[in-house]
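Here's the structure, in structure tokens; my notes come after.
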Amino acid sequence: MQQLLAPKNFYLWSGRWLRPVAWATGLCTLTGLYWGLVVAPPDYQQGDSYRIMFVHVPSAWMSLFVYAVMAGAGAVALVWRIKVAEVVASASAPIGAAFTALALMTGSLWGKPMWGTWWVWDARLTSELLLLFLYLGYMALEQAIEDRRTATRAAAVLALVGAVDLPIIHYSVEWWHTLHQAPTVTRFGAPAIHGSMLAPLLVMALAFFGYYVSLLLVRARCELLERERTNPWVGEVCRGIP
Amino acid sequence: MSGNTVSEFFSMGGSGFYVWSAYGVAAVVMLGLLGSSLAWHRRLTGQLRNKSRRSASAPPVALDKTGGDWP
């Protein structure tokens, strides 16, 4: 574990794991899409439009999860100055921003036929929009500071302060009874969703998770190469000398 | 499955526009980010490989394995 924290070891280790993770992700994606779009029955109230759920819910889950990883890695970077934690935080930001944007856009496309509107200033929607701004602010702040390591640490402070939005998003549907529905999967007791729809949802969630891990590895490797470019190991691995 | 024919599948019970737009935008965003990340890695390793080769063949760093008259 400790050895993995050395940039070169992490680079080589992530290179070995990328391919199997990517293959598993592709398999989950194809299975999830077929299951969700073809096999799963239409909803008795929403008809077929509920199938947007299979991309909307995983995006929304991942938007929170990636932020938690980003803020957690940022905290580790602040306290212990571990380079691998720094690149994990940096590499996560654009992926998390993409998931957040997707959750908002697919939610809008689901809201129009179901609620009759693209957007409302509902607590859940507003706090998720704030999450998007937090991601964008994080990336802007990182770009604005010349030295990469200083930039990551400054952005980590922003990420930690912004982490207060995560519980707000999660509990927003319970604290304020507005338009967005309450959770049906993560509530205590049995989920309020039928197994024929829950199973493809979980497969798609796994696919989105795998997508995040794959992309995180690719982007973290890039960040490592950028930051360590003056270090001899970078030239060696790029020339194929392990 | 809601319908038996391909056109019924694509119409998604009348909400085809919303369903396919949602899946479309997800595909575009996710594949776009994947493509740009892979391109970034390819560009970086290419650059650094060239840089490393140049510095390896430069005299003061005697790492040139092809031999030559350098000690």
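Per chain, numbering begins at 1; letters A, B, ... match sequence-line order. All values derive from a computational prediction rather than experimental measurement. Reckoned from all heavy atoms, side chains included, excluding hydrogens, waters and symmetry mates.
Residues A:Leu225 and B:His41 have side chains in contact (heavy-atom distance under 4.5 Å, counting atoms from C-beta outward).
For the set B:Ala22, B:Gly32, B:Gly14, B:Ser21, the count of heavy-atom pairs under 4.5 angstrom toward chain A peaks at B:Ala22. Of the listed residues (A:Thr106, A:Ile95, A:Leu102, A:Val218), the greatest number of heavy-atom pairs within a distance under 4.5 Å of chain B belongs to A:Leu102. If you tally non-hydrogen atom pairs under 4.5 Å between each of B:Ala26, B:Ser15, B:Ser37, B:Gly16 and chain A, the highest count goes to B:Ser37.
The minimum heavy-atom distance linking A:Ala98 with B:Leu33 is given by the pair CB-CD2, 3.9 Å.
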Criterion side-chain contact (heavy atoms from CB on, under 4.5 Å) on B:Leu48 and A:Arg239, from CA distance to verdict
CA-CA 8 Å; B:Leu48 295 166; A:Arg239 281 154 65 209; over 6 Å; no
Start with the C-alpha gap between A:Leu37 and B:Phe9, add the side-chain angles, then the distance that decides, and say whether side-chain contact (heavy atoms from CB on, under 4.5 Å) holds.
CA-CA 9 Å; A:Leu37 288 169; B:Phe9 172 68; 4.2 Å; yes
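Distance alone, capped at 3.5 Å, is enough to place a donor-acceptor pair between the B:Tyr23 side chain and the A:Arg51 backbone. Between the side chain of B:Lys51 and the backbone N or O of A:Thr230 there is no donor-acceptor pair closer than 3.5 Å. Side chain of B:Arg49 to backbone of A:Cys238: a donor-acceptor contact under 3.5 angstrom is found. Between the side chain of A:Tyr211 and the main chain of B:Met30, a donor-acceptor pair closer than 3.5 Å is present.
Both the backbone and the side chain of A:Phe54 come within contact range of chain B, each with at least one heavy atom under 4.5 Å from a heavy atom of that chain. For A:Glu228, no part sits under 4.5 Å from any heavy atom of chain B, backbone or side chain. Only the side chain of A:Leu215 comes within less than 4.5 Å of a heavy atom of chain B; its backbone N, CA, C and O stay farther away.
When the shell of 6.0 Å around CH2 of A:Trp119 is examined, it contains more than 12 heavy atoms from other residues, nucleotides or ligands.
Ring geometry for A:Trp118 against B:Tyr18 counts as tilted: the plane angle lies between 30° and 60°, on a 0 to 90° scale.
Rounding to the nearest 0.5 angstrom, the gap separating the CZ atom in A:Arg221 from the CG atom in B:Leu44 is 11.5 Å.
Between B:Trp40 and A:Glu226, the side chains place a donor N or O and an acceptor N or O closer than 3.5 Å (distance only, hydrogens not considered).
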